Every structure is written in structure tokens, then in C-alpha cells.
Amino acid sequence: MCGIVGCIAREASRRSEEVVMAGLARLEYRGYDSAGIATVSNAGLDYRKKAGKLANLQEKLEGEPLADATAAIGHTRWATHGSPSDTNSHPHVVDGGALALIHNGIIENASLLMRRIQKDHDIDPVSETDTEVVAHLLALTYHDVCDSGVTPGVDALAEAMRRVMPELQGTFTLLAIHRDCPDAIVAARRSSPLVIGLGDGQNYLGSDALAFSEWTDQCLEIGQDQMVVVTSDSVRVYDTHGNRQTPHEFTVDFSHERTSKGGWATYMEKEIHEQPRAVAETLENRTDEQGYLTLDELRISADVLRQLDKVIIIACGTAAYAGQVARYAIEHWCRIPCEVELAHEFRYRDPVLDQQTLVVAVSQSGETMDTIMAVRHAREQGARVLAIVNTPGSTISRESDAVLLTHAGPEIAVASTKAFTAQVTACYLLGLYLAQVRGNKYIDEIQDYLEKLSQIPDKMQTVLNTSSLVNEVARELGPKTESVIFLGRHVGYPIALEGALKLKEIAYIHAEGFAAGELKHGPIALVDEGQVVVTIVPTPRRPELHRKVISNIQEVRARGAYTIVVAEEGDDAVNEFAEVVFRVPQTPTLYMPLLSAIPLQIFACEVATARGCDVDQPRNLAKSVTVE
Ligand code: M6R
């Protein structure tokens with residue numbers, strides 16, 4: 001949560017401010033409670049900050065423009081400590097306007113540190129944030145460093161940052177500027193993301209590379225507990241002992257087409273429609289000339305994979321539902337027990353893990369703190385960790401033993417759509433690879449599964465091309481519906497959960513997903529005249545599943561429910577029990593989630609629009625949940 005961006009150029013101009021404001025717009029998905037910017041030049045340090053969306057800050061800047069500057073740092077906030085107010089917004093400017101600091105993360109010992117500063121230096125906080133104390137601490141330490149003989153300027157600020165880092169408990173990315181050194185930005189990170197962008201005569205800093213994607217694709221990864229001094233021409237990285245480090249350099253692929261709305265009203269709509277491509281690109285180049293599945297980036301040997309006796313998928317939110325879908329496939333194909341656990345519950349359960357356990361961490365951002373902590377716990381217990389992530393260079397990918405990348409491209413809308421279907425696809429590839437390596441399936445069987453998987457993008461396109469009924473029904477129900485129940489069985493169950501989550505998070509409608517079989521054990525009491533119930537119906541080619549779900553629809557209908565059904569083309573048995581049927585093409589049972597998720601995404605998006613909600617930036621949420 002919280003987006004951070006910085007830019008430093010050789011000459012003072014509007015450039016750094018413009019880059020930072022553009023970067024904040026791209027990072028607004030990380031938090032949008034308030035925003036702020038600080039700039040510095042030989043003429044001094046200045047700042048503006050404002051509660052509410054970035055537009056409020058833009059308006060303030062129009063009324064009170066900042067002077068030309070060499071360096072600028074900007075912040076978009078998702079409030080943790082203190083309400084979203086002007087005062088609590090970042091940057092926090094201290095020491096009589098000498099130093100400005102922005103922060104992403106949580107400082108767990110903030111109160112303790114603040115009490116110390118209040119006692120020793122008679123400084124009272126003006127905000128309710130955990131960040132302000134770090135700004136004071138940095139400024140005080142800067143004076144100590146200068147008093148010890150170091151010339152005021154960038155080296156003193158870097159030394160102060162180095163001394164402050166070990167005093168902080170919790171997580172942070174910090175960016176600081178000082179009026180004594182208008183030619184540098186000093187930054188540090190622990191368990192929160194920070195990427196440096198390399199330009200020509202100017203350099204950039206960001207919570208992720210998207211922040212500066214318009215200007216450069218050349219990036220440096222900043223490691224755990226490292227600090228960095230960035231000038232317009234140089235980047236120096238240090239560990240907390242002051243030893244120089246060599247950062248890993250990488251290139252990102254952020255073509256403009258992938259990061260702009262491209263004519264769609266919202267990023268969510270655009271991303272829903274990008275799913276055929278996301279799945280196709282995730283499947284690309286995965287086989288060798290003999291037709292064997294090869295997952296090149298999977299740096300775990302076949303021997304290790306053969307010895308596994310358990311798979312545990314850890315993830316949060318939508319990514320966890322992708323894991324739940326994957327479990328059916330992995331157990332069916334590989335005959336290996338597969339559990340799915342919410343990452344934030346995982347380590348508290350004290351799970352049984354050893355070297356024969358494969359822990360699969362699924363995450364779009366690769367920065368979800370709950371998942372990062374679960375990955376660390378799994379590795380400490382000796383398990384192998386495979387990351388399925390959409391963001392190369394992210395913390396989860398760096399901290400795992402192996403990585404399988406989804407190629408969904410940047411996902412900007414808070415509600416996850418294309419990342420979900422790409423995650424499910426990558427999990428299928430993993431399942432088939434395990435089945436191949438462990439000998440659970442013959443190669444011709446694997447090829448048959450792969451062939452059918454390769455047909456999914458076209459089938460997704462069909463769902464998208466024929467979705468006008470979904471929009472119509474959503475527009476009609478949207479304004480008058482306050483509760484929706486989603487039902488599914490087998491792989492339809494996680495899709496019911498995902499359909500409910502989408503509606504909750506963007507349309508603020510109370511929605512719940514249930515395993516259809518669970519209905520009679522309690523939830524059916526909720527069903528009353530007019531209750532909207534959406535049911536994901538399995539293929540009639542699995543009659544034992546199909547007929548049970550049809551019975552469940554009849555049960556809710558008998559109690560007055562308004563029934564919407566997602567069913568395969570040609571499944572006419574559903575017609576008499578449904579007010580509305582959303583059709584998807586026929587496909588193997590295990591792959592059905594890749595198709596049936598789409599009408600539910602479109603439904604949520606259209607209902608949210610009909611209710612006047614902000615589809616891309618729903619209230620209280622942020623795209624990357626980087627706090628626990
Ligand atoms: O970046 P991640 O995939 O780790 O994020 C996990 C969840 O926070 C995320 O899927 C969240 O549930 C989405 N907003 C759902 O649409």
C-alpha cells in the first residue's frame with residue numbers, strides 16, 4: 001500500500017515535479033486516500049500535500065505552484081496510522097523545513113521512538129502517523145553526523161539514514177530529500193518495495209517500475225535492508241554497514257498500450273478484455289520440440305519434484321481462489337495432496353513442512369506482505385517455495401526458490417481479473433509439469449491437456465464477444481440489488497467465491513459465495529422472495545455434478561430466488577430453472593473456471609458502474625496490500 005515515486009535531474013526545472021506527478025497517477029492504484037509532493041533545489045525545499053485523490057493535489061499545485069527543482073519525491077497514501085487528512089499526508093517535512101520524508105510500510109516501534117524524541121528533544125508530533133517520527137529521527141541523526149565532522153550534504157544524509165535504519169522495527173521504503181543536498185535523493189528499504197529507474201541525466205525511484213515506465217525500462221532492484229543514494233548521474237547502493245553493493249539490473253516491458261486505458265472507460269474493463277492475451281502469453285513457449293512441457297524459469301530440479309509428498313498453495317484474496325481452482329487439477333493429475341491456505345493464516349497454524357513440501361506462493365503483485373511473510377516462514381521450515389507472480393523482480397519472486405511468471409501484463413484496476421485467469425493457467429502448467437516429471441501422466445495425455453488449454457484464449461474471446469446479456473442484466477439489477485448469493489460445486493465453488501468477492505469489492509453489495517452442497521446446512525435460510533442467486537453449473541458431461549447443482553438451483557427457486565445461471569452452450573437442462581442464463585463454450589471440467597469467471601467479472605463491473613461506484617479505485621482498498 002502507498003505508492004512512492006522520486007525523480008532527480010541535473011538542472012532545476014519543472015521536469016522532476018512532472019515526472020513525479022505522472023508517476024503518482026500511475027501508482028494511485030496502491031492507495032488513494034491522500035497525496036503529496038516535496039521538491040528541492042538550490043533555492044530550498046518546498047512541498048504540497050492534500051487529503052483525497054490525486055486530483056485534489058493537482059488542484060492545489062495549480063493554485064500554489066512549486067518552484068523549479070532538481071529533485072522531487074511524491075507519495076500516494078493508503079492510511080494505516082491516522083485518518084486520511086492533510087496533516088497525515090506525506091511528505092512529512094521537519095527541522096524547520098530542511099528535510100522531507102515519504103514512507104511506505106509500518107513502523108512498529110513508532111510510539112516508543114516518538115516518546116524518546118519527545119523526552120530528549122522536546123519535539124511534539126503534529127500528525128498521527130508512524131512516519132513523522134522517522135523524519136524527526138533522520139533530521140536529528142543528520143545533525144549528530146554533521147556535528148561529528150561530516151560536511152553537511154549528501155554523505156551526511158546517507159550516513160544518517162544508515163544509522164536510523166536499525167532503529168526501526170517493521171517495514172519501510174523511505175525516500176528523503178534535504179535542502180543541504182538538492183542533487184540527491186536518499187532512500188532505504190526493508191520488506192517494502194523500491195525499484196530504481198536509470199535514465200539519461202536523470203534517475204527515478206518507484207514502488208514499482210510502473211511509476212516511471214514512460215521514461216525508462218532499465219531498472220535496478222534494491223535488496224532487503226539496503227539503502228541507496230541517487231543523483232542525476234549515479235546510483236550507489238549500500239548495506240546497513242555502509243558496504244557498497246552491486247544491485248541486480250533488469251529490463252521491464254511496459255509498452256504504453258499495456259499501461260493506458262486504451263479507449264476503455266475503466267482499467268477493469270480493459271483488463272477483463274485482455275484475458276485471452278494474458279492466458280495465451282502465459283502459455284507461450286512452454287514446450288520443447290518433442291512436445292514435452294518445459295518450464296525454463298522453474299529452478300527446482302526434476303529429482304526434487306519427484307520426491308515431493310505435498311503441495312501447499314499460499315495466497316490471499318483472488319490469488320487464493322486461483323489456488324483453490326488449481327488444487328482440483330493438481331490432485332487429479334499428480335495424485336499428490338494439495339492444500340490451499342490463506343497466507344495470513346498459514347504461519348500461525350504452524351503447518352507441517354519439510355523438504356518434501358512444495359509451497360506455491362501465488363501473487364499478482366509479488367508484494368503482498370501476508371504472502372511474503374508466509375514465504376519466509378515456509379523457507380525457514382525447509383520447504384521449497386515456488387512463486388507464481390505477475391511482477392518480475394518483485395519481493396516474492398526474489399525470495400522464492402523458483403519462479404513461474406504469469407504474463408498478464410500490468411494489472412492496474414484494484415479488482416483482479418486477468419491476473420486471476422493467468423494465475424489459474426500457470427497453476428495448470430505447474431500441475432501438468434509435475435504430472436509429467438513424476439510420471440503420473442503419459443506424454444500424449446499431457447499433450448492432450450495442453451492442446452485443450454491452448455484453445456482457452458479463443459473460447460474466452462467468445463465469452464467476451466457474447467457478453468451483452470450480462471451487461472443488460474447487471475444494469476437492470478445493479479441499482480436495486482443489495483444482496484447476491486453465488487453457488488458452485490467442485491471447481492465452480494472457488495469461482496462462486498471469486499464472483500462474490502468481485503461484487504463486494506467494487507459494487508459494495510453484500511455478496512457471499514457458497515459451496516452449493518453447503519446450502520442446505522444453513523445458508524438457504526437467507527433465501528427469500530427476490531434474492532438474487534448466481535449459480536455456476538458444471539458441464540452436463542459430468543452428470544453426477546451437474547444434476548446435484550440443478551437440484552440446488554431448484555431448491556433456491558422454490559424459495560423465491562431470482563436465479564442467474566452460468567452454464568455451458570447446449571446445456572438446455574438449466575433453462576427451465578433460470579431467469580437468466582449466461583453461456584460459456586464447452587470445455588473440459590477443470591478448465592471451466594477460466595471461462596465462467598468472465599461473466600461474473602463483467603457482471604460486477606457493470607453493477608458497480610450502474611451504482612455510480614469508482615470501479616478502478618474502490619473505497620478502502622489498494623492494489624498491493626503491503627502491510628500485514
Ligand atoms: O497481488 P496479490 O495477487 O498478492 O494480491 C492478493 C489480493 O490482495 C488480491 O487478489 C485482492 O483480493 C484483489 N483486490 C481481488 O480482486
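Just so it is clear, the values below take in all heavy atoms, side chains as well, and ignore hydrogens, waters and symmetry mates. Keep in mind the model is a prediction, meaning the values are calculated, not measured. The chain is numbered in sequence order, starting from 1. Just so you know, ligand 1 is whichever comes first in the structure, and atom 1 is the first atom listed for that ligand.
Residue contact check: Ser416 has heavy atoms under 4.0 Å from atoms 15 (C), 16 (O) of ligand 1. Numbered from 1 in the order shown, with element, the atoms of ligand 1 that lie under 4.0 Å from a heavy atom of Glu505 read 13 (C), 14 (N), 15 (C), 16 (O). Distances below 4.0 Å separate heavy atoms of Ser365 from the following atoms of ligand 1: 1 (O), 2 (P), 4 (O). Those atoms of ligand 1 that come under 4.0 Å of a heavy atom in Lys502, given as number and element, are 15 (C), 16 (O). When each atom of ligand 1 is checked for a heavy atom of Gly317 under 4.0 Å away, the hits are 12 (O). Under a 4.0 Å criterion applied to the non-hydrogen atoms of Ala319, ligand 1 contributes the atoms 3 (O), 10 (O).
The two residues Ser89 and Ala35 make their nearest non-hydrogen contact at CB-O, 4.4 Å.
In this structure, Val414 counts as a contact residue of ligand 1, since one of its heavy atoms falls inside 4.0 Å of the ligand. Within the structure, the closest approach of Glu367 to ligand 1 does not fall below 4.0 Å when heavy atoms are considered. Contact annotation: Ala415 has at least one heavy atom less than 4.0 Å from an atom of ligand 1.
With sequence neighbours left out, His90 forms a ring-ring contact (aromatic ring centres under 6.0 Å, His included) with His75, His92. In terms of the side chain to side chain donor-acceptor pair (under 3.5 Å) criterion, residue partners of Arg475 (sequence neighbours excluded) are, by chain and number, Glu606.
With respect to the salt-bridge test (charged N to carboxylate O, under 4.0 angstrom), the residues Glu281 and Arg277 qualify. Of the charged side-chain nitrogens involved, none lies within less than 4.0 Å of a carboxylate oxygen, so that Glu367 and Lys623 do not count as a salt-bridged pair. By the 4.0 Å N-to-carboxylate-O rule, Lys270 lies close enough to Glu274 to be salt-bridged with it.
The closest protein non-hydrogen atom to atom 6 (C) of ligand 1 is Cys316 O, 3.3 Å. When only non-hydrogen protein atoms are considered, atom 15 (C) of ligand 1 lies nearest to Thr318 OG1, 3.0 Å. The nearest protein atom to atom 3 (O) of ligand 1, hydrogens excluded, is given as Gln364 N, 2.6 Å; this is a heavy-atom distance. When only non-hydrogen protein atoms are considered, atom 8 (O) of ligand 1 lies nearest to Val625 CG2, 4.0 Å.
With atom 4 (O) of ligand 1 as the reference point, the heavy atom nearest to it among Thr368, Thr406, Thr417 is part of Thr368.
Between the side chains of Arg376 and Ser191, at least one donor-acceptor pair of N or O atoms lies under 3.5 Å. Side-chain contact check for Thr318 and Lys502: at least one donor-acceptor pair (N or O, by modelled atom type) lies under 3.5 Å. There is no side-chain donor-acceptor pair under 3.5 Å between Gln224 and Glu399.
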